[in-house]
There are 2 protein chains.
Amino acid sequence: MLTDRQLLILKIIVDDFIRSGQPVGSRTLSKKEQITFSSATIRNEMADLEELGFIEKTHISSGRVPSQKGYRYYVDHLLPPFRLTQKDVQTIRSIFNEQIYELEKLIQKSAQILSDLTNYTTVVLGPSVKEHKLKTIQIIPLNAETAVAIIVTDTGYVEKHVVTLPPSIPTSDVEKMVNILNDRLTGVPLEDLTDKIQTEVAHVLREHIQSYDHMLRMISTPLDLNAPAQMFLSGKMNMLRQPEFNDIDKLRALFNVIEQEKEFYRLLRKHKQQGVQVKIGTENDVEGMENCSLITATYSVGGEKLGTIAVLGPTRMEYSRVISLLNLVATDLSNVLTMWYQKD
Amino acid sequence: MLTDRQLLILKIIVDDFIRSGQPVGSRTLSKKEQITFSSATIRNEMADLEELGFIEKTHISSGRVPSQKGYRYYVDHLLPPFRLTQKDVQTIRSIFNEQIYELEKLIQKSAQILSDLTNYTTVVLGPSVKEHKLKTIQIIPLNAETAVAIIVTDTGYVEKHVVTLPPSIPTSDVEKMVNILNDRLTGVPLEDLTDKIQTEVAHVLREHIQSYDHMLRMISTPLDLNAPAQMFLSGKMNMLRQPEFNDIDKLRALFNVIEQEKEFYRLLRKHKQQGVQVKIGTENDVEGMENCSLITATYSVGGEKLGTIAVLGPTRMEYSRVISLLNLVATDLSNVLTMWYQKD
DNA sequence: ATTTAGCACTCGCTTTATTAGAGTGCTAAC
DNA sequence: GTTAGCACTCTAATAAAGCGAGTGCTAAAT
């Protein structure tokens, strides 16, 4: 559909605009060494590209700027192969050299490094704890009225919640209850816990425990948080430095979205299959993100998706570099996690 | 030193400027009902006030704006008494009506409500966990190589850390160690733990435990985090809405400070004694905070300071209102915490 | 049939003028 | 001591002018 020459011009326009942030004119293009024909020819080609919707003018006599369709085509067909620098690779590898054994910290660190390297914002969706299996429940009385209930999963995830104890419950009862819970529930995925408690544990507790009712409510509060997977944002302030957000109103609009977080939650959850995915401008279908692109990748354990890691930047984003970086982080993260969890 | 009339004029200038953000001229002042004399008189008085350093002009023929010294005087001597609305009081009380039993969550909620009510940024310095007393240590093996070490304090604070186990350590040894640690260390303030382990526990462990060395290192890693008290920021983005930061460069400068966090840490720690404290502009002695004021208050348990809660806003801040709100939050917080912790 | 040179034209941006408005300081009268 | 009056200053807003980058079109060259 597009001639080679048109592709060349489109590619150079996008590359140049990503680099400079300025609309690209025919004269600028004609000076590029890849280009052997005159500015007049370029003007003709650009007029065609514009008619086809790949580029547009910011005003009637300005240079051209990629349209959303232009970026899309660029990302799909024209992406220059990108060699990460040794330095970038090392920085990323440094995440995994430190002895971090906690998923949460590892994820946060990854997000932070990625936002530092790209100068954009990184969003990470942590794994949903729902599928993690219960390792142990502990109830540690703090004083006569309160105790802290702690739930540990096989992945080392710890959830804690301070609860009130029923008045004048014997300590032995608390211990009994904890024993019963651990006996029956170890290895059960968190999402099945409440069910399982109702069907299999409740009647046993009723027999052995005073204030069985209160105790049961007490233990289910921390559970039915039904925790929506945690989300981490890193480098929000990098957006301040993007020239497209020099306008304070655009900035406010953007941060309204960023602070919401729930939109990101939706967007990151949408990414199911493997691989890197690029959503440009309105493709994200979020008000206030018209000028942003979101590049997402999943990380997984042995092929099973755990969560999503994404970079948010202006549509005028260094797609090539960000995709490479994100890809590296996601695969490295997956490899490390697979090593952690696969062995049992 | 200042005449009553000068005080009146100064107060009205500050009030009006806080309200409108615009320099205040003699004509505007003369229209206020409290003022019974002419604009010419006001001009004379203003010239004097300027000479004394309480107000300044933004340019040679502009109205006047409070200087830092002016704000200082206003806060020290002219603060109008402020009646919180019933609504504000209720919103704040709502923090404590919900059944939150966790210090951390309570603090975060307070910060969030405070930033919502003021439209400024709230910073809270959590209590240093160093003084909390150990309730229990648990080591929960996850698989052959890793375990999660959990430390619970008498305040319900939970610290967790995933550690590696020495190769082929018997489970019984882990249990033994945990028992020994709990026997000897329960009730010990966290800050003394490492010492106490070295002096009193190490030799006992050495007798009973294989790989005593590795195990000891393992348990001390999560401890010597030496956690600098946690800090929470809420409502950073409120600063976007302050007209003084409409200029993108000032905004960037401000966020450079805010993101640093360590400066706040220093500032909030400085506040030792009881009561509300106001630091205006350069009084904070932080580059980038020249146009900001920080209002701090401490919260405490039975008179003993736990942490600091502060509101950050532009120097042109609603001092009266913020002080009242902050005061209410801090005392309510202190009361609730005193009820929690005082009873044992 | 392409490609290119040339040219008139458009539009945004920056600079310069112009003006209106708010506010001041000073003087002289009250 | 207070005030009215006035000349003066400076900002902010608006308008006018010029520059430069870029375009589209036409006609000539390949």
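Per chain, numbering begins at 1; letters A, B, ... match sequence-line order. Keep in mind that this is a model prediction, so the values were computed, not measured.
Within the 4.5 Å cutoff, the side chain of B/V14 has no heavy atoms near those of the B/L78 side chain.
Nearest heavy-atom pair across A/K279 and A/R72 is CA-NH2, 4.1 Å.
With no hydrogens or angles considered, no side-chain donor-acceptor pair links B/T308 and B/H271 at under 3.5 Å. A side-chain N or O of A/Q112 and one of A/D116 form a donor-acceptor pair less than 3.5 Å apart.
Electrostatic pairing of B/K236 and A/E259 does not count as a salt bridge here, judged by no charged N lying under 4.0 Å from a carboxylate O. Taking the charged nitrogens against the carboxylate oxygens, B/R64 and B/E50 do have a contact shorter than 4.0 Å, which makes a salt bridge.
For B/E287, there are no salt bridge (charged side-chain N to carboxylate O under 4.0 Å, His left out) partners at least two apart in sequence or on another chain.
Taking the six-membered ring where tryptophan is involved, the planes of B/Y319 and B/Y71 are tilted, since the angle between them lies from 30° to 60°.
If you check residues 1-17 of chain B against DNA chain D, the residues with a heavy atom closer than 4.0 Å are B/R5, listed by number.
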**Request:** Let me have a per-nucleotide readout for nucleotides 22-30 of chain D, 5' to 3', with B, S or -, counting only protein heavy atoms under 4.0 Å.
**Result:** SBB------
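The interatomic distance linking A/H59 (NE2) with C/dC13 (C1') rounds to 9 Å, in whole Å.
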